[in-house]
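Here is the naming used below: chain letters follow the sequence lines, and residue numbers restart at 1 for every chain.
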Amino acid sequence: MGNLRITEWRKLPISLTELCINTTLRCGQSFRWRKSGEDEWSCTLHGRILSLRQDDKFLHYRAIFPSKPNRLLLTPPPSATPSAAESPSPEADDTLALIEHYFNLKPNLGQLYEDWATADANFKKKAPKFTGVRILKQDAWEALVGFICSSNNNIARISQMVEKLCTNYGPLIGHIGQTPYHDFPSASALTDSKVEQHLRQLGFGYRAKYLYQTALMVEEKGEGWLDGLRNPESPVLGAEPCSGGEFTDGGREGYRTAHEELLALQGVGPKVADCVCLMGLGWGEAVPVDTHVWQIAQRDYKFGKGKHSSLTKATYDAVANKFRSLWGKEAGWAHSVLFTADLKTFSERLVAKVEVKSEKVEVKSEEVEVKVEHDDVPLIPKIEETTVSKELKREADDERIARELQSRLTKRVTRSRAR
DNA sequence: AAATACCCTTGTCA
DNA sequence: ATGACAAGGGTAT
């Protein structure tokens, strides 16, 4: 193993309103990113370990390649010329292209937020604290598996499950410190008849069967079936985009076809199908309506009465259509911003709750004697001077303080248990 | 269309 | 400390 090629840190100029990885990587789109250091995120991607840091002006990145790149893992674009493969260090440019693709950096996010805010007063009110949320262009198979795991589940456990899938069935790419990084397993890696029972053993519950059977079906449908459902405007890395068709409130024809085809898979209902369409297949109008979005629809968009009093299939479609008519072709993207704003993980950004938390903590903090390192401080406080308004700066401080106190509490609890 | 079971982990509350 | 209980980005029958 030990023989790895590590590129130096490089940087890409980008503002936090155009991309905020601290939000985007934690809002339940991808379940594989992990903290690999102070303000550093890492994940295996396209046959390498990609590490990221971000400040107010740059996204910093580096890649760690296996010494002998596993050709099976790298699926080069059709346009890649074999002769270029041996040039001195092609990985740098390759990694930049990978980042631009994966983080979907082409659209002007500031402009999109403006468009959505103009169309919708509720978006205008909620979005300012959740800027920089981008819809990732994830691998479709990975998205499919991740969201099959998501049913009746929470983000923490989904992430654990995906990690188990990688360590048990995915190829090892390398380590950061002692931590192994495996790539995501292919469908064919999950088609062995022992997989279902093994996954149950690993704590997947009833999703074990879904994953096994879906892997069988995807393999049977053949290589390229899943990517064949992509939005042609959003092709796989390296291919040329072309038109995706005409948009209506029901979505484009290609989207509806993809959605319908996905429903044939085990463990895939309308919500999971929409997640795959949006985050794995590039259909921006896919609006996954889950319990959170259903609550948002009731609270802020007058659903929950009369004909649409419960979340039936008909109500599901009505909610999704409503958001598509409101936000347009990238409705799923706008939906993700509001979804993120509603996640408990980020509730500390809402001032009222920070105050409650601080009070609660202060009572007990008298008996806290543990000094802690700032191991979980978000990036925002560091960059506040140049980019954020005073109001936001105060909130960022509140956030940091709340987290710090909470962190102390956690350590105290751990400690008293150890006695 | 509506009702239930399904796996399992974590947090809350007597 | 311990157990009941609900909820967590739903789906299948």
TODO: Quick one: label V268(A) by what it contacts on the DNA or RNA (base, sugar-phosphate, nothing), any heavy atom closer than 4.0 Å.
DONE: sugar-phosphate

Open item on the list: Between dA3(B) and dG9(C), how many Å separate the two P atoms, rounded to a whole number?
Closed with: 24 Å

Task: Nearest listed nucleotide, side chain of M279(A), among dA2(B), dG10(C), dG9(C) - done: dG9(C)

Open item on the list: So, using side chain to side chain donor-acceptor pair (under 3.5 Å) as the criterion, who are the partners of Q138(A) when residues are at least two apart?
Closed with: none

TODO: Look at the side chain of Y206(A) against the base of dG10(C) and say whether a donor-acceptor pair falls under 3.5 Å; ignore hydrogens and angles.
DONE: yes

TODO: Examine the side chains of R32(A) and S159(A) and answer whether a donor and an acceptor come within less than 3.5 Å of each other.
DONE: no

- [ ] Find the distance L263(A):CG to dA12(C):C1' and express it as a whole number of Å.
- [x] 12 Å

Task: For DNA chain B, stems built from three or more consecutive Watson-Crick or G-U wobble pairs below 3.5 Å - done: B:3-6 with C:10-13, B:8-14 with C:2-8

- [ ] Look at the aromatic rings of F123(A) and Y113(A) and report parallel, tilted or perpendicular, splitting at 30° and 60°.
- [x] perpendicular

Task: Parallel, tilted or perpendicular: ring planes of W116(A) versus W333(A), cut at 30 and 60 degrees - done: tilted

Open item on the list: Just checking F184(A) against Y169(A), ring centres under 6.0 Å apart?
Closed with: no

Task: Sugar-phosphate only, base, or nothing, as touched by Q201(A) at under 4.0 Å among non-hydrogen atoms - done: nothing

Open item on the list: When the P atoms of dT4(B) and dA6(C) are compared, how many Å lie between them, rounded to an integer?
Closed with: 14 Å

- [ ] Rounded off to whole Å, could you give me the CZ-to-P distance for the R26(A) and dG9(C) pair?
- [x] 14 Å

Open item on the list: Just to be sure I understand the rule, does R207(A) reach a base, reach only the sugar-phosphate, or reach nothing, if contact means heavy atoms closer than 4.0 Å?
Closed with: base

- [ ] Look at the aromatic rings of W33(A) and F103(A) and report parallel, tilted or perpendicular, splitting at 30° and 60°.
- [x] tilted

TODO: Describe the nucleic acid contact of C27(A) in one word from base, sugar-phosphate, nothing, applying a heavy-atom distance below 4.0 Å.
DONE: base

Task: Euclidean distance, atom CZ of residue F147(A) to atom P of dG8(C) [Å, nearest integer] - done: 17 Å

